[in-house]
Undergrad: 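The structure that follows is given in the form of structure tokens.
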Amino acid sequence: MRIKAGLIISTLMACSPQFPEPPDVSGWIYFDSNRTGDFEIYRMSADGTDIVNISKSPDTDDWLSAVSPDGGRIAFMRGHFSDFHSFEIWVMDADGSNQTQLT
């Protein structure tokens with residue numbers, strides 16, 4: 001029995017999950033940087049101005065941030081690069097408040 005390639009592609013596309021809408025981050029760009037000696041999560045406006053450290057954790061490294069679909073929360077990793085087993089998952093509001101450890 002032979003199956004046409006078009007049928008397989010159509011079937012895969014029909015079974016694939018739909019991609020969610022991109023997050024509404026209200027013009028903010030979030031990024032990780034070690035500009036202060038340890039990794040922190042920063043927010044800046046789309047034109048590159050108004051750079052603000054929102055994670056403010058000088059004793060740990062914060063990185064791998066991801067913005068929630070509604071733009072209101074940020075998930076990130078917090079730990080020490082000297083011990084990769086120390087990293088835990090945290091969340092915070094988009095302005096850096098309400099930091100909560102999840103793992």
Side-chain angles (χ1 to χ4, degrees):
M1 182 170 139
R2 297 182 70 178
I3 299 174
K4 293 184 178 182
L7 177 62
I8 294 172
I9 291 170
S10 297
T11 303
L12 289 173
M13 289 176 69
C15 295
S16 297
Q18 296 296 316
F19 291 103
E21 291 294 317
D24 173 19
V25 293
S26 303
W28 294 114
I29 296 172
Y30 296 89
F31 65 98
D32 315 331
S33 174
N34 67 347
R35 62 183 60 206
T36 60
D38 69 324
F39 274 87
E40 299 288 347
I41 299 169
Y42 291 83
R43 180 184 73 192
M44 71 177 178
S45 61
D47 65 1
T49 60
D50 301 321
I51 298 173
V52 177
N53 176 348
I54 60 170
S55 59
K56 298 178 185 167
S57 178
D59 297 329
T60 58
D61 293 298
D62 301 331
W63 68 316
L64 297 176
S65 57
V67 181
S68 66
D70 68 358
R73 304 276 285 161
I74 299 171
F76 62 99
M77 299 292 292
R78 176 174 279 168
H80 299 280
F81 282 116
S82 60
D83 178 12
F84 276 103
H85 296 290
S86 70
F87 279 96
E88 300 289 346
I89 299 172
W90 286 66
V91 294
M92 64 181 161
D93 291 344
D95 63 359
S97 62
N98 298 316
Q99 294 184 13
T100 305
Q101 183 176 350
L102 297 181
T103 62

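Quick caveat, the model's predicted, so the values are computed rather than measured.
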Undergrad: More than 12 heavy atoms of other residues, nucleotides or ligands under 6.0 Å from CD1 of Ile89: yes or no?
TA: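 No.
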Undergrad: Is there a donor-acceptor contact under 3.5 Å from the side chain of Asp70 to the main chain of Gly72?
TA: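 Here the side-chain-to-backbone pair exists.
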Undergrad: As an exercise, state the distance from OG of Ser33 to CG of Asn53, rounded to the nearest 0.5 Å.
TA: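 Interatomic distance, Ser33 OG to Asn53 CG, rounded to 0.5 Å: 9.0 Å.
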Undergrad: Any side-chain heavy atom of Ser55 within less than 4.5 Å of one from Met92?
TA: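 Yes, their side chains come closer than 4.5 Å.
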Undergrad: Mind checking side-chain contact (heavy atoms from CB on, under 4.5 Å) for Asp38 and listing every partner two or more places apart, or none if nothing turns up?
TA: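 Checked Asp38 against side-chain contact (heavy atoms from CB on, under 4.5 Å); matches are Thr36, Glu40, Asp61.
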Undergrad: Kindly give the heavy-atom pair with the smallest separation between Ser97 and Asp95, and that separation in Å.
TA: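 Distance-wise, the nearest heavy atoms are OG-OD1, 2.6 Å.
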Undergrad: Please name the residue in the list Glu88, Arg78, Met77 that meets the side-chain contact (heavy atoms from CB on, under 4.5 Å) test with Thr60.
TA: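 Among Glu88, Arg78, Met77, the one that satisfies the side-chain contact (heavy atoms from CB on, under 4.5 Å) with Thr60 is Arg78.
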Undergrad: Is there side-chain contact between Ile54 and Tyr30, with heavy atoms separated by less than 4.5 Å?
TA: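 Yes; the side chains approach each other to less than 4.5 Å.
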Undergrad: Looking at every non-hydrogen atom in both residues, tell me the closest pair between Gly71 and Val67 and how far apart they are.
TA: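 Where Gly71 meets Val67 most closely, the heavy atoms are CA-CG1, 3.7 Å.
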Undergrad: Taking the side chain as every heavy atom from C-beta outward, state whether Ser45 and Trp28 have any atom pair closer than 4.5 Å.
TA: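 Yes. Closest side-chain heavy atoms under 4.5 Å.
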Undergrad: Please round to the nearest 0.5 Å and tell me the distance separating atom CG of Leu64 and atom CD1 of Ile41.
TA: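 The CG atom of Leu64 sits 8.5 Å away from the CD1 atom of Ile41.
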Undergrad: Taking all non-hydrogen atoms of both residues, which atom of Phe76 and which atom of Ser65 are closest, and how far apart?
TA: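 So the two residues come closest at CB-CA, 4.0 Å.
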Undergrad: Indicate the atoms forming the closest heavy-atom contact of Val91 with Arg73, along with that distance.
TA: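 Heavy atoms only, the tightest pair is CG2-NH2, 2.9 Å.
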Undergrad: Give, for atom CZ of Phe39 and atom CZ of Phe81, the distance between the pair rounded to the nearest 0.5 Å.
TA: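 With rounding to 0.5 Å, CZ (Phe39) is 5.0 Å from CZ (Phe81).
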Undergrad: Can a cation-pi geometry be assigned to Arg35 and Tyr42, taking NZ or CZ under 6.0 Å from the six-membered ring centre and within 45° of the ring axis?
TA: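 Yes, a cation-pi geometry holds between Arg35 and Tyr42.
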Undergrad: Can you hop from Leu102 to Phe84 via hydrophobic side chains spaced under 4.5 Å?
TA: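 Yes; Phe84 is reachable from Leu102 via cluster members.
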Undergrad: Would you confirm whether Asp32, through its side chain, and Asn34, through its main-chain N or O, come within 3.5 Å as a donor-acceptor pair?
TA: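 Not a single qualifying donor-acceptor pair exists.
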Undergrad: Can you tell me how far apart CD1 (Ile29) and CD1 (Ile51) are? Round to the nearest 0.5 Å.
TA: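 The CD1 atom of Ile29 sits 9.5 Å away from the CD1 atom of Ile51.
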